[in-house]
Amino acid sequence: MNYIGSKYKLLPFLKKSILSVVGEVQNKVFCDIFAGTGVVGRAFKSSVKSIISNDIEQYSYVLNKNYIENHIDIPKKFKYIEMLNNLPLYENGFIYKNYCFGGSGERQYFSDFNGKKIDTMRIKIEKWKNNSEIDNNVYYFLLCSLLESADKIANTTSVYGAFLKHIKKSAQKELVLEPALFEINENTHKVFQEDANVLIKEISGDILYMDPPYNERQYGANYHLLNTIAEYKEFTPKGKTGLRDYSKSKYCSKNHIKSEFENLIKSAEFKYLFLSYNNEGIMLVNEIKQIMSKYGKYDLFITNYQRFKADKNENRTYSANETKEYLHVLEKTI
Ligand SMILES: C[S@@+](CC[C@H](N)C(=O)[O-])C[C@H]1O[C@@H](n2cnc3c(N)ncnc32)[C@H](O)[C@@H]1O
């Protein structure tokens, strides 16, 4: 998924830096407390003892329940995918009625056909679960597959803050459910959907990786439609974009972020803390250094990074295309 702040391209840098600080990780508990798409946890899943993954957003919970917590093979996985791909279309579901032009008369996040197909598959997955025809592992595997596949054919510039007036080429393609495959692994892992500052008081481990939002863009607003598909409960969508109520993160607020961040690291019962942040974030490098240094031995890794682009087809020009990506390190002693 093309996700704001995704660390997919930075994984080699992150892995190398983290391993150079921590050394052997085989017996370590690794927590990805702002997990988003889960790519960082996935990169460590097979090399550590256990992953704890968390994010406040429901779509992220679904992705991580599949990619991180699922670790035993699902024998009939392709059969379920095939069945979902071949159902007769349900004509009047929530996504079609509210987020497709044919149903809503205004919003156009998906083509009419794809909106109906999302509804059809989402309703069936819930039915299977309610009838105990599938367990939680299969449920999250299928929901994750649906979120990933729907995101590929969304008629947006990759975030859901707005839809496009005309159906773009990739959104004209028919939605085909693809399996969201996860790594098979002997160890067990745990996924949460909580505020990081609340969860931190309930967990402990060895490595805490923190990748909070850098700026004021709220993830709940930018990815609202993924939450709507994940939750699939009726509500009255608001305004032109069909927004739902969303939780506002203190990490997106200039007034709150510093105290929120300090409370997080103060409460952390982890030895090694890593913070990803870039040079355009709300907190400045020196402010972060000042806060972290209070709690132990501080270090910093830096790399250059290509800026997030909402849509590759769009000819946007930025004053600078590269940003600096920092990995702040704290070996906690207090
Ligand atoms: C920069 S993104 C993480 C990207 C992720 N590392 C990846 O590669 O996909 C920041 C994440 O923090 C989550 N978030 C924001 N505020 C939060 C909070 N208070 N507690 C937990 N998660 C939060 C957002 O939903 C978002 O997914």
Side-chain angles (χ1 to χ4, degrees), residues 1-15 17-18 30-45 51-68 144 147-148 151 158-161 180 190-203 207-227 230-231 244 246-265 267-268 274-283 305-308 310 323 325-328:
M1 189 176 289
N2 187 19
Y3 193 62
I4 302 175
S6 166
K7 294 298 169 291
Y8 180 72
K9 289 187 184 150
L10 282 162
L11 287 177
F13 163 72
L14 292 176
K15 249 194 138 166
S17 312
I18 292 173
F30 182 105
C31 176
D32 185 8
I33 203 158
F34 298 91
T37 59
V39 288
V40 179
R42 287 167 79 180
F44 283 90
K45 185 174 171 181
I51 302 276
I52 300 170
S53 181
N54 174 66
D55 197 285
I56 196 116
E57 297 300 333
Q58 187 163 359
Y59 61 82
S60 169
Y61 179 72
V62 168
L63 300 180
N64 283 284
K65 281 291 270 188
N66 178 53
Y67 290 129
I68 301 294
C144 175
L147 289 185
E148 293 274 21
D151 187 62
S158 121
V159 294
Y160 296 84
K190 189 87 197 109
V191 178
F192 295 91
Q193 185 192 349
E194 283 191 41
D195 186 308
N197 283 53
V198 174
L199 180 68
I200 198 68
K201 301 205 169 96
E202 296 157 18
I203 57 170
I207 305 165
L208 178 67
Y209 174 69
M210 299 169 285
D211 186 20
Y214 301 156
N215 56 32
E216 286 163 2
R217 298 173 78 181
Q218 294 281 356
Y219 282 80
N222 276 302
Y223 295 96
H224 67 98
L225 211 47
L226 295 183
N227 276 340
E231 190 181 271
R244 52 188 288 130
Y246 60 91
S247 63
K248 295 207 171 105
S249 172
K250 288 190 177 154
Y251 287 87
C252 299
S253 152
K254 278 183 184 147
N255 291 336
H256 292 111
I257 186 161
K258 278 190 251 169
S259 60
E260 199 71 356
F261 175 60
E262 178 155 2
N263 283 335
L264 183 68
I265 62 165
S267 312
F274 295 89
L275 171 76
S276 276
Y277 218 66
N278 74 12
N279 60 334
E280 296 172 345
I282 303 174
M283 289 193 289
Y305 183 64
Q306 201 73 24
R307 187 193 298 274
F308 172 85
T323 62
E325 186 71 32
Y326 299 115
L327 185 68
H328 299 264

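Computed from a predicted model, the values in this text were never measured in an experiment. Counting convention: from 1, in listed order, for ligands and their atoms alike.
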Practice task
Looking only at distances, please establish whether an N/O atom of ligand 1 is found under 3.5 Å from an N/O atom of K7.
Solution key: yes
Problem - Short N or O distance, D55 and ligand 1, threshold 3.5 Å exclusive - result: yes
Practice task
Would you check if the side chain of N66 reaches a backbone N or O of A180 as a donor-acceptor pair within less than 3.5 Å?
Solution key: yes
Practice task
Mark up the atoms of ligand 1 that fall under 4.0 Å of a heavy atom belonging to E194, in ascending order.
Solution key: 20 (N), 21 (C)
Problem - Under the salt bridge (Lys or Arg N to Asp or Glu O under 4.0 Å) test, residues paired with K250 that sit two or more places apart - result: none
Practice task
Work out whether the distance between some heavy atom of S60 and some atom of ligand 1 is less than 4.0 Å.
Solution key: no
Handout entry: Spacing of CD1 belonging to I33 relative to CD1 belonging to I56, to within rounding of 0.5 Å
Key = 10.5 Å
Practice task
Kindly confirm or rule out an N or O of S249 lying under 3.5 angstrom from an N or O of ligand 1.
Solution key: yes
Exercise for the section: With atom 7 (C) of ligand 1 as the reference point, say which of L14, L11, T37 has the nearest heavy atom. Expected result: T37
Practice task
Mark up the atoms of ligand 1 that fall under 4.0 Å of a heavy atom belonging to E57, in ascending order.
Solution key: 25 (O)
Fill in the blank from the handout: For P212, the atoms of ligand 1 under 4.0 Å from one of its heavy atoms are 1 (C), 10 (C)
Exercise for the section: Would you check if the side chain of Q218 reaches a backbone N or O of S249 as a donor-acceptor pair within less than 3.5 Å? Expected result: yes
Practice task
For ligand 1, indicate whether the residue K250 contacts it via side chain, backbone, both or neither (heavy-atom separation under 4.0 Å).
Solution key: neither
Problem - Interatomic spacing from OH in Y3 to OH in Y59 - rounded to 0.5 Å - result: 2.5 Å
Practice task
Could you pull out, from Y219, Y214, Y3, Y246, the option with a heavy atom nearest to atom 1 (C) of ligand 1?
Solution key: Y219
Exercise for the section: For the residue pair S276 and Y214, confirm or rule out a side-chain donor-acceptor distance under 3.5 Å. Expected result: no
Practice task
Please answer whether the main-chain N or O of F34 pairs with a side-chain N or O of D211 as donor and acceptor at a distance below 3.5 Å.
Solution key: no
Fill in the blank from the handout: dist I18:CD1 -> L11:CG (nearest 0.5 Å) comes out at 9.5 Å
Exercise for the section: Around atom 20 (N) of ligand 1, find the nearest protein heavy atom and jot down its residue, atom name and distance. Expected result: A196 N, 2.9 Å
Problem - Closest to atom 19 (N) of ligand 1 (judged by heavy-atom distance), picking from V39, D195, L63, N222 - result: D195
Completion exercise
Ranking I56, D211, N278, N197 by closest non-hydrogen atom to atom 22 (N) of ligand 1, top hit is I56
Problem - Non-hydrogen atom of E260 closer than 4.0 Å to ligand 1 - result: no
Practice task
Report yes or no: is the cationic atom of K248 (NZ for Lys, CZ for Arg) closer than 6.0 Å to the six-membered ring centre of Y246, at no more than 45° off its axis?
Solution key: yes
Exercise for the section: Report yes or no: do N263 and S267 form a side-chain donor-acceptor pair below 3.5 Å? Expected result: no
Problem - Part of A35 with heavy atoms under 4.0 Å of ligand 1, whether side chain, backbone, both or neither - result: backbone
